[in-house]
Every structure is written in C-alpha cells, then in structure tokens.
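Down below is the structure, laid out as structure tokens.
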Amino acid sequence: MSTPQPPMPQAAAPDWQAAASGSPYPSYTSPIPVVRTHLGHAISSEWTKIRSVRSTVWTLGVFLLLVVGIGLLVAALVAANQGEESLSGQNPLSFGVFGLLLGSMCIITLGVLTTASEYGTGMIRTTMTACPSRARVLAAKAIVFFAVAFTVTFASVLLVAVADVAMLKGARSPSGGEWLKGTFGISLYIALLGLLSLLVGSIIRHSAGAITIMIGLVLAPLVIALFMFSSALEKVRQALFDYSIPNQLSAFYTNTLSRTGPTGWDPVWIALGVTAVAFAGAVALLQKRDV
C-alpha cells in the first residue's frame with residue numbers, strides 16, 4: 001500500500017493580486033472598462049462593414065453611372081430633337097425616371113447583399129456573437145443601409161434634375177411641390193425599396209434567390225399586365241398596371257401609366273407599409289431560427 005502524501009504548502013498570493021475588501025480570496029480587476037452596449041455600437045459596426053466591402057463601391061458606382069448617365073443622355077436627346085412647342089407644359093424632371101428604373105436594380109442588389117451575403121460566408125455567426133440582440137443587429141443594418149441609399153439617390157437625382165431643367169428650355173418650370181416629390185420623395189421611395197430588399201435577404205438568407213424575388217417584384221407585374229388580353233381579366237390587369245413599380249415611380253412626376261393608380265405621395269406610404277410588415281416578419285424569423 002502506498003503511504004499518503006502530506007499536503008503541499010500553499011504559496012501566498014502575489015502582492016499585485018490585491019484582495020477584495022475583507023475577502024480572503026485574491027481578486028483581479030481588468031484595466032479594460034466594461035461598457036454597456038447599445039444601438040450606436042451596432043450602427044458603428046455595420047457602417048464599418050458596408051463601407052469596407054467592394055460590393056458597395058461597385059453597386060453604388062453602377063447606380064450613379066445609370067442614373068446620371070441615362071438621365072443626362074435622355075435630356076440631351078430630347079433637347080436636340082425638340083420642336084418649338086413639343087415640351088410645352090411638360091415637367092422636365094420626369095425625364096430622370098428612365099435612369100432611376102434601371103438604377104433601382106443596383107440598390108436592390110446592395111440591399112440583399114447587406115444581409116444575405118453574411119449567411120453565405122458564415123460571418124453572421126460572428127455578428128450575432130458580438131451582438132446577441134438580433135433585433136438590434138437588423139435595426140442597425142436597416143438604419144445604415146437606408147441612410148447610404150437615400151443619400152446617394154438624392155444626390156444623383158438632384159444633379160439630374162438641375163441638369164434637365166437647364167437643358168430643356170422649352171419645358172415649364174417645376175413648382176416647389178414638384179421639386180420636392182421629384183427629388184426628395186422619389187429618393188425616399190428608392191431607399192425604401194432597397195430596405196425591403198435587405199429584409200427579403202434576411203428572410204430568404206440566399207443572395208441569388210432574394211435578388212430574383214425583388215427583380216420579379218419590380219418588373220413582373222407590368223410585364224404580366226401587358227400580356228393580359230382577356231376582357232375577363234381587365235380588373236386584374238388594371239390593378240397590376242396601377243401598383244407596378246414603374247407606374248409608382250412615374251407618379252412622382254405626375255406622368256403615371258394609368259389614371260386610377262397611386263398619385264402624389266401615395267407610393268411612399270405604400271412602400272413604408274410594406275417595408276414595416278416585412279421588418280416585423282424578418283425580426284420574428286430572426287428570433288425564431290438558428291443562424
């Protein structure tokens with residue numbers, strides 16, 4: 001049988017490990033301050049992400065090229081071929097809608113990639129570990145993306161609007177309300193459309209699938225309505241015309257494709273309502289599903 005070994009003497013704690021007041025056990029205080037996290041930290045993190053990835057530069061660069069390039073090109077062609085009275089009474093701001101319709105695809109793509117790409121790379125696990133509040137993460141992504149999308153859209157639309165008014169001498173001068181809708185209003189709408197894409201990307205968790213869904217949402221209703229020849233489907237055809245994205249974009253310039261669709265600021269309220277519902281659904285699924 002082995003003889004039991006005597007207990008080893010315990011070494012005294014080093015002097016730098018100061019004991020807590022009245023406690024016999026050593027303690028350690030970290031020199032790093034512990035700060036309670038909040039939404040501002042999440043926004044700062046998402047801003048770092050969105051400005052440091054190449055997809056942001058490419059999508060916004062192509063967006064600017066399409067919106068400004070096509071807007072100025074259309075205005076130049078109209079100015080070169082206009083007659084004496086051909087533009088009389090027309091709103092010169094309306095010629096910017098052609099570039100915006102194509103440019104919206106870039107905002108949609110960037111919105112989807114803001115969320116869905118993290119699921120593809122697995123980065124979403126790191127994000128959720130750093131910020132366990134999933135609703136806060138989604139809110140931060142939405143705030144940062146909306147701010148970027150609105151700022152870039154407003155700057156490009158304003159540039160095209162000023163250039164179109166200067167180039168199209170035969171058109172009437174837009175009123176203050178038309179300036180507000182044709183620049184600020186339509187920028188809000190495009191940013192909300194991109195925000196909806198971000199939420200669809202969070203729900204679908206697949207970049208290609210979410211982009212396909214959003215492009216279908218933009219183009220499919222109008223294309224389907226064009227091929228509805230049956231009189232029995234007239235009401236469906238008219239509804240698709242009225243609420244298609246191209247028709248809602250043109251509503252900001254009072255040049256809609258139909259006479260019964262949304263007018264004025266109606267497209268903004270429609271987009272805001274749909275986006276709010278999508279945000280609630282995305283938060284609920286994010287809380288329920290595993291990352």
Side-chain angles (χ1 to χ4, degrees), residues 39 42-43 45-47 49-50 55-56 59-60 63 100-101 103-120 123-124 127-128 131 133-154 185-222 224 239-240 242-249 251-252 261-262 265-291:
L39 180 61
I43 291 175
S45 173
E46 294 302 326
W47 167 243
K49 280 193 246 180
I50 200 170
S55 59
T56 303
T59 51
L60 294 182
F63 173 81
L100 273 175
L101 183 58
S104 63
M105 303 299 171
C106 300
I107 298 295
I108 286 172
T109 301
L110 180 60
V112 169
L113 292 178
T114 301
T115 50
S117 62
E118 289 199 36
Y119 286 96
M123 184 66 183
I124 191 65
T127 300
M128 294 304 179
C131 182
S133 176
R134 299 184 178 187
R136 184 189 298 171
V137 170
L138 188 60
K141 288 180 180 293
I143 292 171
V144 171
F145 172 80
F146 183 85
V148 171
F150 174 78
T151 302
V152 174
T153 304
F154 182 73
I186 202 166
S187 299
L188 275 180
Y189 185 81
I190 294 294
L192 285 171
L193 188 62
L195 182 56
L196 179 62
S197 306
L198 181 148
L199 299 171
V200 171
S202 177
I203 294 171
I204 302 300
R205 298 185 172 188
H206 191 274
S207 299
I211 292 172
T212 302
I213 290 173
M214 289 305 302
I215 291 178
L217 179 65
V218 172
L219 299 178
L222 183 60
I224 293 172
L240 290 174
D242 290 344
Y243 293 96
S244 64
I245 302 298
N247 186 57
Q248 293 189 52
L249 285 175
F252 290 96
W265 292 86
D266 292 345
V268 172
W269 306 126
I270 293 172
L272 190 61
V274 173
T275 303
V277 172
F279 185 83
V283 170
L285 289 175
L286 196 60
Q287 300 281 17
K288 187 177 181 180
R289 297 189 297 190
D290 194 8
V291 295

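Heavy-atom basis, side chains included; hydrogens, waters and symmetry copies ignored.
Distance CG/Leu199 to CG/Leu286: 10.5 Å, rounded to 0.5 Å. Here the CZ atom belonging to Arg136 is positioned 10.5 Å from the CD1 atom belonging to Ile43, to the nearest 0.5 angstrom. Note: Thr59 OG1 to Leu113 CG = 7.0 Å, rounded to the nearest 0.5 Å. Remark: Thr153 OG1 to Leu100 CG distance equals 7.5 Å, nearest 0.5 Å. Once rounded to the nearest 0.5 Å, the distance linking CD1 of Ile213 with CD1 of Ile204 reads 4.0 Å. Rounding to the nearest 0.5 angstrom, the gap separating the CD atom in Gln287 from the OG atom in Ser133 is 7.0 Å.
Residue pairs meeting the salt bridge (Lys or Arg N to Asp or Glu O under 4.0 Å) criterion with at least one member in residues 265-280: none, sequence neighbours excluded. Sorted by first and then second residue, the pairs that involve residues 186-203 and meet side-chain hydrogen bond (donor to acceptor under 3.5 Å, both in side chains), not counting sequence neighbours, are Tyr189-Gln248. Residue pairs satisfying the side-chain hydrogen bond (donor to acceptor under 3.5 Å, both in side chains) criterion with at least one member in residues 141-151, sequence neighbours excluded, are listed as follows: Glu46-Lys141, Glu118-Lys141.
Although no hydrogens or angles enter the test, the distance criterion places a donor-acceptor pair under 3.5 Å between the side chain of Thr115 and the main chain of Leu198. Side-chain atoms of Arg289 come within 3.5 Å of backbone atoms of Ile203 as a donor-acceptor pair (strictly under, hydrogens ignored).
Shortest non-hydrogen contact noted between Ser207 and Ser117 is OG-N, 3.8 Å. When all heavy atoms are compared, the tightest approach of Pro262 to Ala251 is O-CB, 3.5 Å. For the pair Ile107 and Gly194, the tightest heavy-atom approach, listed with the atom from each and the gap, is CG2-CA, 3.6 Å.
Considering only heavy atoms from C-beta on, Leu219 comes within 4.5 Å of Met105 through its side chain. Side-chain contact check for Leu195 versus Phe279: every heavy-atom pair is 4.5 Å or farther apart. The shortest side-chain heavy-atom distance between Phe154 and Leu188 does not fall under the 4.5 Å cut-off.
Judged as a side chain to side chain contact (heavy atoms under 4.5 Å, CB included), and not counting sequence neighbours, the contacts of Thr56 are Ile50, Val53, Leu60, Leu110. Residues passing the ring-ring contact (aromatic ring centres under 6.0 Å, His included) test with Tyr119: none are found, sequence neighbours excluded. Ile211 pairs by the side chain to side chain contact (heavy atoms under 4.5 Å, CB included) definition with Thr109, Val112, Ile215, not counting sequence neighbours. Not a single side chain to side chain donor-acceptor pair (under 3.5 Å) links Thr275 to another residue, sequence neighbours left out. Evaluation of the side chain to side chain contact (heavy atoms under 4.5 Å, CB included) rule for Leu240 yields Pro221, Ile224, Ala225, Met228, Val236 as partners, not counting sequence neighbours. With sequence neighbours left out, the side chain to side chain contact (heavy atoms under 4.5 Å, CB included) criterion links Ala239 to no other residue.
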